[in-house]
Amino acid sequence: MTADESTLRELRLSVREFLQAKSPEEAVRKLMESEPRFDPAVWAQAADQLRLPGLSIPEEYGGDGFGMVELGVVLEEMGRALLCAPFFATVLLASQALLASQDRAACARHLPGIATGRTTATLAVAENSGSWDPALISARATRDGDGGDGEGGGEGGWRLSGRKSFVVDGTTADLILVVARTVAGPSLFAVDRRAEGLTTEPMRTLDATRAMARLTLDAVPATLVGADGAGGRIMARVLDIASVGLAAEQAGGARRCLEESAEHARTRHQFGRPIGSFQAVKHKCADMLVQVELAEAASREAALLAAEGSEEFPVAAAVAHACCSRAYLFTAMENIQVHGGIGFTWEHPAHLYFRRAKSSQLLFGGPAVYHERLLDRLGI
Amino acid sequence: MAHDDMQDFATEVRRFLDAHAVKAPDRTAFTWGEGDDSMAYFSSLPPEADREHVRRARAWQRTRHENGFGWITGPPEYGGRGLTPLHDLVYDAVEAGYDVPDTGTLSVVGLGMIGPTILAHAQPHIKDRWLPAMYRGDAIACQLFSEPGAGSDLAGVTTRAVRDDGGTSRSSGAESGGAWVLDGQKVWTSVAQHSEIGLALTRTNPTASKHRGITAFLVPMDAPGVEVRPLRQMTGGADFNEVFLTGVRVPDDHRLGEVDGGWTVALTTLMNERATVGSEGAGPVAAALSPDRLSALMRATWTWDDRALRARLAELLVDATATGYLNARATRTLRAGAAPGPERSVSKLMYGQNLTRAAHFVSDVLGPRIIADTGEWGTYAWAELLLATPALRILGGTEEIMKNILAERVLGLPKEPAAAKEVRP
């Protein structure tokens, strides 16, 4: 189901108010230096008061069944606030992987907990190179005995070994979905956080608002999710949806950078007048506005096409990914520039947006990857 | 606007077009090496071909008019249908699927901009005289605004209009009757050589501040003293003109709006300009931004595997596609009856930049083949587009002006301190 513009406006306002209260800049800065990297109380409130984790989970699994347009509005607000929370990994990565697997038993087992906020989750794909291409992974999955009942083997009947890197919320996620290679090819598996043989280690990140971890898997018991060897197909779908979700976050962050720059340009005086009255600054802000408008339009269009199940969606997802990555990085950089020296200080929030912008641009591989993906989706 | 109403209208349009035109060939599919490889943005036709082109355009406009599609948004008393801009969009969308003469010569400036201005500001008998004739295709109108000394600063016009008795104007506007004498020079006038009338901005009060001493007149282009000279542009063609006005006598009833109140009239015209400039054309524009066309070009030149060029192609297509999404969002907003955002100005900016980037991308793919004509199909032809693109960042509002507008009106940034109010003689 999709809501109309006034409902979307209400949704945006309620999320914005919630985040202004629960995730102001001071809270973000505090969490950036904390373990866990999010506030479980705020996460629980986001679930209980606003039903956010379950917003786009299908109703049959306990969610509210909204689509990408509504989710996009929520993500724009979260991006704008630099919210430190497991939302992206749980909802855009893990939940989408479960849904894309078409494994109804797995969905029924995990999605209800996710929808109520009780279960956080993530998706572990990339390894040392950082590539999200399932063809390049080497973590492997082997059958546990002959499907028998080896001790500690768990109900899944598989064992995973290898290393994963760049795993968002890897140290805190209750459920970790892992892409590992079987004889049939890359496949999706479910691993419990407390599973034997699993070690997680936080990574130092450019953007401290998005926690990442290294995982070491040593014969970790796992359950196959979806068909054996379906990892490639599942990841293609996940990356399309996740990049649209990311695009919305990026658009929200870019809009915030534009607002901060415009506000500064209106109020900062030098040479006896507001710096925004100088054409160089004025044009810089206009350039930022152009990028933000394109980014919001691309993000919304991709969300609309996803909601419609349109065959034009994959192209739109690639366009949104590229457009919003560029827009956010550009506005984050120019936001620092408009602020001058103060924009370069630790205490000013501009660098926080810069870090998130740069990290988001490169999360799934960056321009080298999304350019080729677009050409591929265009079929040329 | 009810969906059914639009559907009914679209059906009516289709029925009209089926009866009077043939379907357009599928322009999306193309085979490398076949068909016209022209990439000319400006038509730049030789005089006889140009006249024939206008003849056909007038004839098609007449056919549209006779069947109730001459002025879709205009009032019925002047031959219009009294419908909405959305109906206009629907008509254009349906007509795009048919092979009909291009009426741009009549409609981009005359029907799209000057017609609404006449409607808003002319005296009733002048409206009667010109509006039906324009929307029938009998009268073509051009815009006599820009001057060598008044481009972005349009309010700086110095073409003089003096009352025929030699007296100065009075701002009360109560004066009427008699005639005015116009002297000056206009530039960048498209379509002047075919026009029956021109809308001229003149200076009627040199002592008033810049914006307050302007008066607008409808000038019959066949009046003694009106001289149209082609203006040769960078591409080699002459799609624009200079128009010299020497002692041109214009009756007072051809004045639009108040004496010294011409800036308001100009704003009416300019507001309609933003709507027409920046809309996608067919032909070279579509080709320059078409994934199929550009990838075919790269394959034909053995550059398809060049990673750097592929990355640039991807970025170009991101821009073109995102601009399309922005236009789609603007249409949705219009359809929902909500106030428009800055989409139009942003889109206009992106249009010039997208085509410029496309032309330079293609040039880099072609390499030497664009600096000298090897005779190979679909190569040197792109030079015409390359040479046309500088105009797209200038005409209809320069990039710099567009950015000022976005920053000042959308972001609320302050204007430069006290701009010059006096007109330099």
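We use all heavy atoms of the structure for the numbers below, so side chains are in, but hydrogens, waters and symmetry mates are not. Here is how names work: the chains are called A, B, and so on, in the same order as the sequence lines, proteins then strands, and each is numbered from 1.
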A.B. asks: For B:P417 and A:R273, which heavy atoms make the closest approach, and how far apart are they?
C.D. replies: CD-NH1, 3.0 Å

A.B. asks: Please flag which part of A:I275 lies under 4.5 Å from any non-hydrogen atom of chain B: side chain, backbone, both or neither.
C.D. replies: neither

A.B. asks: Taking A:R266 for the side chain and B:L411 for the main chain, is one N or O donor matched with an acceptor at less than 3.5 Å?
C.D. replies: yes

A.B. asks: Could you please spell out the steps behind the side chain to side chain contact (heavy atoms under 4.5 Å, CB included) verdict for A:L375 and B:L317?
C.D. replies: CA-CA 9 Å; A:L375 298 183; B:L317 294 175; 4.3 Å; yes

A.B. asks: Taking all non-hydrogen atoms of both residues into account, name the closest pair between B:S295 and A:I380 and its distance.
C.D. replies: OG-CB, 3.6 Å

A.B. asks: Which bit of A:A295 is near chain B, if near means a heavy-atom gap under 4.5 Å: side chain, backbone, both or neither?
C.D. replies: neither

A.B. asks: Take a 6.0 Å sphere around CZ of A:R377 and say whether it holds more than 12 heavy atoms from other residues, nucleotides or ligands.
C.D. replies: yes

A.B. asks: Specify which of B:T323, B:D319, B:V410, B:L349 makes the most heavy-atom pairs with chain A at under 4.5 Å.
C.D. replies: B:D319

A.B. asks: Looking only at heavy atoms, which two atoms of A:A286 and B:L406 are closest? And how far apart?
C.D. replies: CB-CB, 4.2 Å

A.B. asks: Verify the neighbour count for atom CG of A:D376: are there more than 12 heavy atoms of other residues, nucleotides or ligands below 6.0 Å?
C.D. replies: yes

A.B. asks: Using the salt bridge (charged side-chain N to carboxylate O under 4.0 Å, His left out) rule, take B:R310 and A:E372 through it: C-alpha gap first, then chi angles, then the decisive distance, then the call.
C.D. replies: CA-CA 8 Å; B:R310 291 166 71 90; A:E372 285 299 324; 2.7 Å; yes

A.B. asks: Below 4.5 Å from any heavy atom of chain B, which atoms of A:R373 appear? Answer side chain, backbone, both or neither.
C.D. replies: neither

A.B. asks: Given the rule in the side chain to side chain contact (heavy atoms under 4.5 Å, CB included) test, do B:R329 and A:E301 qualify, once you have shown the distances and angles that lead to the verdict?
C.D. replies: CA-CA 8 Å; B:R329 189 181 76 183; A:E301 188 77 13; 5.9 Å; no

A.B. asks: Starting at CZ of A:R300, measure out to CG of B:L326 and round the result to the nearest 0.5 Å.
C.D. replies: 13.0 Å

A.B. asks: Are B:E408 and A:K282 close enough for a salt bridge, meaning some N to O gap below 4.0 Å?
C.D. replies: yes

A.B. asks: Looking only at side-chain N and O atoms, does B:E400 offer a donor or acceptor that is under 3.5 Å from a partner on A:H283?
C.D. replies: no

A.B. asks: Testing the basics here: between B:L413 and A:A265, what is the closest heavy-atom pair and its distance to 0.1 Å?
C.D. replies: CD2-CB, 3.8 Å

A.B. asks: Between B:K403 and A:Q279 (side chain of the first, backbone of the second, donor and acceptor by atom type, cut-off under 3.5 Å), is there such a pair?
C.D. replies: no

A.B. asks: Give the minimum heavy-atom separation between A:F278 and B:E416, together with the two atoms involved.
C.D. replies: C-OE2, 4.3 Å

A.B. asks: Looking at every heavy atom in both B:R307 and A:A368, which two are closest together, and how far apart are they?
C.D. replies: NH2-O, 4.3 Å

A.B. asks: For the pair A:L374 and B:L313, evaluate side chain to side chain contact (heavy atoms under 4.5 Å, CB included) and give the outcome as yes or no after the intermediate values.
C.D. replies: CA-CA 10 Å; A:L374 174 60; B:L313 173 64; over 6 Å; no

A.B. asks: Do B:R332 and A:E5 sit within salt-bridge range, that is, some charged N less than 4.0 Å from a carboxylate O?
C.D. replies: no

